[in-house]
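Data first, discussion second: the structure below is written as structure tokens.
Since the model is a prediction, treat every value here as computed from it, not as a measurement. Throughout, numbering of the chain's residues begins at 1 and tracks the sequence.
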Amino acid sequence: MKRLRALLGGAAAVALAGAGLAVASPTAFGSADAAHTAAHGATAGASTARAAALSNRWYAAAPYLMPLDNTPPSATQIMDASGLKAFQLAFILAPNGGGCSPTWGGTAPVSSDTSVASTISAIRAKGGDVSVSIGGYGGTKLGQACSDAASTAAAYQQVIDKYQLHAIDFDLEEPEYENTAAVSHEIGAAKILQQKNPGLYVSVTTAGTAAGTGWFGQQMLNEAKSQGFTPNNFSIMPFDGGFNGAASQTSALTAFNKLLQTTFGWSEATAYAHEGFSGMNGRSDTGEIFTQSDFQTVLDYATGHGMDRFTFWSLNRDRQCSPPDNNGTTSGTCSSVPQSAWDFAKYSVKFAGATPPSTTPTDPPTDPTGPGDPNGCAAAAWNAATAYTAGNEVSYGGHAWKAKWWTQNEKPGSTGEWGAWEDEGAC
């Protein structure tokens, strides 16, 4: 499951990469996030303010978001447009140069982070929260780098303390889950964290196959059983393995349920209550296609069977490419299927038991101060429903505006200097 950690190739990437986002820049997290951070006075290097915990259903529904890679969208803009309240931030890894300390993506130490903390503060300022995912595909995992479960847990406790977390995800994939000692460290660490942080929501995510999961996934389940560890859920990723469409995914979920029953001695209902789904929206790494209707079908299956979790990879991809099919290629920054922005996030909102907004705001077409007024601006009027990419020009409120990066439904001038729009002056 490569998950396109930093893929920015193809026509869609050309459009989206125009932002030129740098990891340390406030704009790397989207316009609204930086504005909220400034408004709430985040302190550099300090732990984020502890938020009131959301219901576990929100953490179970939180889609993955890479806050430092793949042209991060504005989390707060997604919240406004979709009704989403929780995000699964990815990924915590060991340092690329070695050692048993947590970093973002192997390069950005958690201990000195201010950028991701700013994004979290912005989300919490709007009543949302985050979970943090550790592992993923590629890179060196802390379970591999640390000497035992206790030291692995100590590294992850730094993340929990830094960001005042109520939820955490163990994403056990290649190559780590082929390493018996590393898996033992990760499962042992998860158990320790669960004991030291009462109420912590813990998910364990691994590869999916037509049989539910593969040999290494089964060994991970066996390790959890031997250590007496039960997370809130074990989730499989039924993509990048010969899947195509919802029917193949629900079949895999049914098979995985039987594996959970067999491994832990659970009833079917108890197994479903500890089972999760982690999909991939649009075109997968291997060319499988999962549309909005596929997501609805799997969502119906998950809710109908009382499953604990429904999530997907990723919000960075939950927007339309140009052209929509991205010329038959997969991108890390758009879905490669026709869609409106944040279509797939709305299925997570539904799983959480909330109702997504049903319409897109209509201004500026009904805004008397919007473009089209007697100012005579040459550029086309800004439209809330249109997706704009870097360099696109619009008119609004008697001014010309140029997009700094991909944006949709962000009114020019509404988010200040950190916003997606550059004011080019009156027209």
Report yes if the side chains of [X] and [Y] come closer than 4.5 Å at any heavy-atom pair, otherwise no.
{"X": "I160", "Y": "L193", "value": "yes"}
{"X": "D318", "Y": "F312", "value": "yes"}
{"X": "V349", "Y": "K85", "value": "no"}
{"X": "F229", "Y": "V204", "value": "yes"}
{"X": "M237", "Y": "T205", "value": "yes"}
{"X": "P231", "Y": "H274", "value": "no"}
{"X": "E186", "Y": "L172", "value": "yes"}

Between the side chains of [X] and [Y], does any donor sit under 3.5 Å from an acceptor?
{"X": "S133", "Y": "Q88", "answer": "no"}
{"X": "N233", "Y": "D308", "answer": "yes"}
{"X": "Q339", "Y": "N281", "answer": "no"}
{"X": "S203", "Y": "Y59", "answer": "no"}
{"X": "T330", "Y": "R283", "answer": "yes"}
{"X": "K350", "Y": "Q296", "answer": "yes"}
{"X": "N327", "Y": "T329", "answer": "no"}

What's the shortest heavy-atom distance between [X] and [Y], and which atoms?
{"X": "A224", "Y": "I187", "value": "CA-CG2, 3.8 Å"}
{"X": "S331", "Y": "S336", "value": "N-OG, 4.0 Å"}
{"X": "S395", "Y": "A379", "value": "OG-O, 2.8 Å"}
{"X": "I236", "Y": "G212", "value": "CD1-O, 3.4 Å"}
{"X": "P73", "Y": "R319", "value": "CB-NH1, 3.6 Å"}
{"X": "C100", "Y": "A155", "value": "O-CB, 4.0 Å"}

Between [X] and [Y], is the gap from one ring center to the other below 6.0 Å?
{"X": "F170", "Y": "Y156", "value": "yes"}
{"X": "W421", "Y": "Y388", "value": "yes"}
{"X": "Y64", "Y": "W313", "value": "yes"}
{"X": "F295", "Y": "F290", "value": "no"}

Cationic N near anionic O, under 4.0 Å, [X] to [Y]:
{"X": "R309", "Y": "D169", "result": "yes"}
{"X": "D129", "Y": "R124", "result": "yes"}
{"X": "D80", "Y": "K126", "result": "yes"}

Between atom [atom1] of [X] and atom [atom2] of [Y], what is the distance when rounded to the nearest 0.5 Å?
{"X": "Q158", "Y": "I92", "atom1": "CD", "atom2": "CD1", "answer": "10.0 Å"}
{"X": "M307", "Y": "N257", "atom1": "CE", "atom2": "CG", "answer": "8.5 Å"}
{"X": "I168", "Y": "N197", "atom1": "CD1", "atom2": "CG", "answer": "8.5 Å"}
{"X": "M220", "Y": "S184", "atom1": "CE", "atom2": "OG", "answer": "13.0 Å"}
{"X": "D240", "Y": "E174", "atom1": "CG", "atom2": "CD", "answer": "9.5 Å"}
{"X": "L84", "Y": "L315", "atom1": "CG", "atom2": "CG", "answer": "6.5 Å"}

Quiz item: Parallel under 30°, tilted from 30 to 60°, perpendicular over 60°: which one fits the rings of F216 and Y177?
Solution: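 Geometry flag for Y177 against F216: tilted rings.
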Self-check item: N244 vs E288, side chain to side chain donor-acceptor pair (under 3.5 Å): CA-CA, chis, key distance, verdict
Solution: CA-CA 5 Å; N244 217 48; E288 305 150 329; over 6 Å; no
Exercise. Step by step, work out the side-chain contact (heavy atoms from CB on, under 4.5 Å) result for T107 and N96.
Key: CA-CA 6 Å; T107 60; N96 286 344; 3.3 Å; yes
